[in-house]
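Just follow the structure's listing: the first ligand is 1, and inside any ligand the first atom is 1. Residue numbers start at 1 and run along the sequence shown. The structure presented is a predicted model; accordingly, all values stated were derived computationally and were not measured.
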Amino acid sequence: MTFNQVRRDYLLDRWVVIATSRGRRPTDFAKQQIQQAKTATCPMCPGNEHMTPPAILVYLKSGKHVRKAEDKNGSRHKNWLIRVVPNLFPAFSPLQHKVDSKQIQKNSNLRAAVGHHEVLIESPNHDEHPANAAIPQLIHVINGYTDRLRELSAKPYVQYVSIFRNHGLEAGASLSHAHSQIIATPFVPQIIKEELAAAQKFWKQNRRCVFCDIIEKERNGPRLVLENSKFAVFAPYASVNPMEFWIFPKKHETSLLEMTGTEVKTFAETLKDCLGRLKCLVNDPPYNYGFHLALSKQEKDYYHWHLEVYPKLATWAGFEKSTGVYINTMTPETAAETMRKVSSS
Ligand SMILES: [Zn+2]
Ligand SMILES: [Zn+2]
Ligand SMILES: [Zn+2]
């Protein structure tokens with residue numbers, strides 16, 4: 001009798017059962033794609049700019065350069081490279097005028113959902129998802145993330161900025177046009193808070209960044225997916241999702257704002273490569289990705305930004321939802337090995 005393994009996350013008190021007894025091969029996880037109903041008119045496609053609120057930020061081509069602008073006075077910029085617009089049904093809304101802090105923080109269990117909820121339209125081309133986007137276009141997307149991160153994180157009521165992407169109907173993308181979302185919240189979300197606390201504890205004891213240690217270990221282990229001059233990609237030890245992978249800058253950086261131009265380019269290439277491998281291996285599955293980063297100066301020494309990618313190849317049911325313990329039927333070692341072998345093109 002051999003037992004399944006129960007693994008704990010590097011930092012979070014989160015346990016995963018690695019259950020491989022069903023003997024499924026990675027390719028068995030490929031699902032039939034659910035075709036998204038194509039709406040007659042896509043509000044994100046060029047020509048339909050008036051279907052969205054005015055853009056907060058547009059990138060426009062200006063010779064060899066990019067000009068940044070916003071929509072003003074009811075008009076909409078055309079011929080854009082990327083657009084950032086407010087979400088039509090925001091989860092968090094900005095302060096309209098100055099209110100006192102009591103209105104935001106009502107008591108310890110209640111506060112107003114003050115913040116921002118934006119949509120970044122990644123390309124004028126409806127289907128230009130990161131796995132098949134041109135690298136210069138993907139660079140615009142990443143620069144768009146950092147521009148919004150810089151502005152939103154400077155607001156006094158913003159404690160965290162979540163940048164994430166839903167791909168496919170089953171992963172929550174209600175519109176199929178390539179887009180990401182940005183939500184600025186008046187509190188630090190739970191998972192980030194736990195990672196921060198664990199990283200701070202490690203720092204106090206060892207005077208080292210725990211993530212730098214994890215990267216060093218995973219670079220030389222069986223869960224490495226790929227490594228280049230600037231980034232390391234691996235399947236985390238206690239992966240919750242089959243084929244889950246995390247992308248880390250090898251240089252110690254707290255948030256995306258510290259990336260140089262070369263790093264942005266390499267990050268675009270790395271992201272495209274990994275998502276391309278995933279697409280090729282398991283039939284363009286639905287997935288979510290989200291950045292984990294820290295915004296305050298105090299966290300600079302011990303927090304290390306990364307992107308976590310969660311393919312949606314399994315369904316969480318009663319056990320997972322009621323306990324927070326996950327069952328993953330693919331070992332991260334197998335996921336990494338399979339991803340290493342496949343080429344994205
Ligand atoms: Zn479209
Ligand atoms: Zn680090
Ligand atoms: Zn994380």
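- Exactly one residue among K279, R165, E122 makes a side-chain hydrogen bond (donor to acceptor under 3.5 Å, both in side chains) with H129. That residue is R165.
- The Zn ion (ligand 2) has C209 SG, C212 SG, H252 ND1, H304 ND1 as protein N, O or S atoms under 2.8 Å away.
- K201 NZ: 12 or fewer foreign heavy atoms inside a 6.0 Å radius.
- Per residue H292, closest N, O or S atom to the Zn ion (ligand 3): atom name ND1.
- Closest approach between the Zn ion (ligand 3) and any N/O/S atom of H306 involves NE2.
- Remark: the S123 side chain and the E128 side chain contain an N/O donor-acceptor pair separated by less than 3.5 Å.
- Proximity of a side-chain donor or acceptor of Y145 to a complementary backbone N or O of L256 within less than 3.5 Å is not detected.
- Here E333 pairs with R7, P222, R223, T331 under the side chain to side chain contact (heavy atoms under 4.5 Å, CB included) rule; sequence neighbours left out.
- For K250, the NZ atom is densely surrounded, since the number of other residues' heavy atoms within 6.0 Å is greater than 12.
- Rounded to 10°, the angle formed at the Zn ion (ligand 3) by E308 OE2 and E195 OE1 is 160°.
- The Zn ion (ligand 1) lies closest to atom ND1 when only the N/O/S atoms of H177 are considered.
- Atom CG of L12 is surrounded by more than 12 heavy atoms from other residues, nucleotides or ligands within 6.0 Å.
- Here the N, O or S atom of H126 that is nearest to the Zn ion (ligand 1) is ND1.
- N79 CG: 12 or fewer foreign heavy atoms inside a 6.0 Å radius.
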